[in-house]
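In what follows, a structure is listed as structure tokens, so that the remarks can point back to it.
Positions are given from 1, in the same order as the sequence printed here. Side-chain atoms are counted along with the backbone in the values below, which use heavy atoms only and exclude waters and symmetry mates.
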Amino acid sequence: MHVAIGLGELIASGSRSRIYAWGRGAVAKVPDVNTPDEWIHAEARYSAAVASVGAPAPRFLGVEEIEGRPAAIYERVVGPSMWDHVVSHPDQSAPCGAMLAKVQVELAALVPPVSLPRQGDRLSAKIRRATEALQTSADAALSLLPVANGPSRLCHGDLHPGNIILAKSGAVLVDWFDASCGELLADVARTMQLLIPDHGRCPAHLVGADISTLKVLADAYAERVGELVPIEPLTLKKWQAAEAVARLSEGASPRQRAALAWGAASLLEVRAV
């Protein structure tokens with residue numbers, strides 16, 4: 001006998017979707033009204049692909065139609081997000097920052113699925129969308145994208161403490177929509193961007209703690225990632241500047257325009273070197 005399953009409790013909300021309980025041991029990722037259907041299908045493909053090479057990702061179970069929209073069904077991973085853990089235990093911000101770096105570097109050691117998009121293509125597209133919306137030139141940012149050096153790595157593309165679940169079995173990474181094959185240092189630059197305070201407050205994806213707690217975590221992350229991988233400061237600065245502009249394609253609020261100004265200033269500084 002087929003038993004109909006409906007949405008359960010709301011577990012989490014993001015900028016593009018909401019996560020609901022779905023039956024026993026699963027969750028449904030339901031897109032927001034402005035999220036294209038294809039994004040749900042694309043993320044499902046990426047999640048399945050990275051899991052197949054050993055990445056710590058929730059198991060993709062299928063797609064269901066909910067209220068006329070596709071919703072991706074994943075296994076439910078039990079545990080708090082790393083950020084929720086930090087909010088409840090501020091004294092753990094430094095260890096969690098170090099863990100964030102370790103998880104990212106271990107991910108990059110896996111063989112990336114050939115089906116993932118190329119990081120450079122994704123960044124270029126985001127920069128073009130962001131600068132077009134703000135009626136400014138993309139040439140400076142695009143010309144500063146460092147040339148790929150070495151083998152492609154598996155990059156999450158949106159790795160921050162809110163996208164890591166601390167399960168009993170270990171860290172599990174969620175939200176794989178921005179996954180790509182590319183440079184680890186670019187992924188590091190993206191994470192650094194996601195840990196920057198927003199005008200004296202924690203950014204919208206990391207709410208609930210004060211910026212001093214966030215700074216401890218960010219500093220521990222930067223220190224540990226520098227111990228684990230060789231980082232050339234000028235190359236990192238180029239990636240940070242490009243990522244600052246690219247991020248605006250995700251929505252350009254007045255506060256985010258300040259990030260574009262910061263990115264442009266960094267680009268000019270880098271160009272002068």
Side-chain angles (χ1 to χ4, degrees), residues 1-84 107 112-119 121-122 125-126 129-130 133 154-169 171-181 190 194 204-207 246-247 249-253:
M1 180 178 66
H2 176 72
V3 179
I5 299 176
L7 294 178
E9 64 176 315
L10 177 65
I11 297 173
S13 296
S15 60
R16 297 182 290 235
S17 59
R18 289 157 290 161
I19 308 295
Y20 293 90
W22 183 260
R24 180 180 298 176
V27 297
K29 189 163 191 175
V30 180
D32 289 338
V33 63
N34 294 322
T35 300
D37 290 354
E38 174 53 29
W39 288 17
I40 292 296
H41 293 291
E43 184 180 8
R45 292 195 301 271
Y46 303 155
S47 296
V50 299
S52 72
V53 300
R59 187 160 55 98
F60 171 62
L61 301 176
V63 174
E64 293 281 349
E65 185 173 297
I66 298 177
E67 297 180 354
R69 300 289 307 282
I73 311 299
Y74 296 92
E75 68 170 325
R76 183 168 185 173
V77 180
V78 179
S81 73
M82 178 184 283
W83 184 246
D84 285 341
L107 183 68
V114 296
S115 58
L116 290 184
R118 293 188 299 180
Q119 184 185 65
D121 293 342
R122 287 206 137 186
K126 283 187 174 185
R129 288 199 302 271
L154 174 53
C155 298
H156 182 277
D158 197 29
L159 192 61
H160 60 75
N163 280 341
I164 298 179
I165 298 177
L166 301 179
K168 288 184 178 181
S169 59
V172 178
L173 280 56
V174 298
D175 287 354
W176 287 91
F177 178 75
D178 289 298
S180 68
C181 301
R190 166 71 174 184
L194 296 171
H205 55 275
L206 296 174
V207 297
R247 192 178 170 205
S249 67
E250 299 159 21
S253 68

Could you walk me through whether Tyr20 and Glu9 pass the side-chain contact (heavy atoms from CB on, under 4.5 Å) test, one step at a time? CA-CA 6 Å; Tyr20 293 90; Glu9 64 176 315; over 6 Å; no
Verdict with supporting geometry, Asp178 and Arg16, salt bridge (charged side-chain N to carboxylate O under 4.0 Å, His left out): CA-CA 12 Å; Asp178 289 298; Arg16 297 182 290 235; 3.5 Å; yes
Stepwise side-chain contact (heavy atoms from CB on, under 4.5 Å) test for Ile164 and Leu159: CA-CA 8 Å; Ile164 298 179; Leu159 192 61; 4.0 Å; yes
Go through Val174 and Val77 one step at a time and tell me if the side-chain contact (heavy atoms from CB on, under 4.5 Å) criterion holds. CA-CA 10 Å; Val174 298; Val77 180; 5.7 Å; no
List the steps, then state whether side-chain contact (heavy atoms from CB on, under 4.5 Å) holds for Val53 with Leu154. CA-CA 10 Å; Val53 300; Leu154 174 53; 4.2 Å; yes
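Considering CD1 of Ile73 and CZ of Phe60, their distance stands at 8.5 Å, rounded to 0.5 Å. Rounded to the nearest 0.5 Å, atoms CD (Glu38) and CD (Glu43) are 11.5 Å apart.
Within the 3.5 Å criterion, the main-chain N or O of Leu194 finds a donor-acceptor partner in the side chain of His205. Within the 3.5 Å criterion, the main-chain N or O of Val207 finds a donor-acceptor partner in the side chain of Trp83. Arg190 places a side-chain N or O within 3.5 Å of a backbone atom of Gly157 that can act as its donor or acceptor partner.
Within a 6.0 Å radius of CD in Glu67, no more than 12 heavy atoms belonging to other residues, nucleotides or ligands are found. In the displayed structure, Arg118 atom CZ is contacted under 6.0 Å by at most 12 heavy atoms of other residues, nucleotides or ligands.
At a threshold of 4.5 Å between non-hydrogen side-chain atoms, the residues Ile165 and Pro80 do not count as touching. Using a 4.5 Å heavy-atom cutoff, the side chains of Leu173 and Asn163 are not in contact. Side-chain atoms of Tyr74 and Arg59, non-hydrogen and from C-beta on, never get closer than 4.5 Å to each other.
A pairwise comparison of heavy atoms in Ser180 and Gln119 identifies OG-CB, 3.3 Å as the closest pair. Ile11 approaches Ala21 most closely through the heavy-atom pair CD1-N, 3.7 Å. The heavy-atom pair separating Pro31 from Ser17 by the smallest distance is CA-CB, 4.0 Å. Closest heavy-atom contact between Ala55 and Leu107: CB-CD1, 3.8 Å. Contact detail for Arg18 and Ser13: the closest heavy-atom pair is CG-OG, 3.7 Å. Summarising the geometry of Ser81 relative to Gly162, their closest heavy-atom pair is CB-O, 4.0 Å, with the distance given to 0.1 Å.
Using a 4.0 Å cut-off between charged side-chain N and carboxylate O, Lys29 and Asp175 make a salt bridge. Between Arg69 and Glu64 no salt bridge is recorded (no basic side-chain N to carboxylate O distance below 4.0 Å). Ion pairing of Asp158 with Arg247 is absent here, as no side-chain N (NZ or NE/NH1/NH2) approaches a carboxylate O to less than 4.0 Å.
Checked against the 6.0 Å centroid criterion, the rings of His156 and Trp176 qualify as a close aromatic pair.
Cation-pi check for Arg122 over Phe177 is met; the charged atom lies under 6.0 angstrom from the ring centroid and within 45 degrees of its normal.
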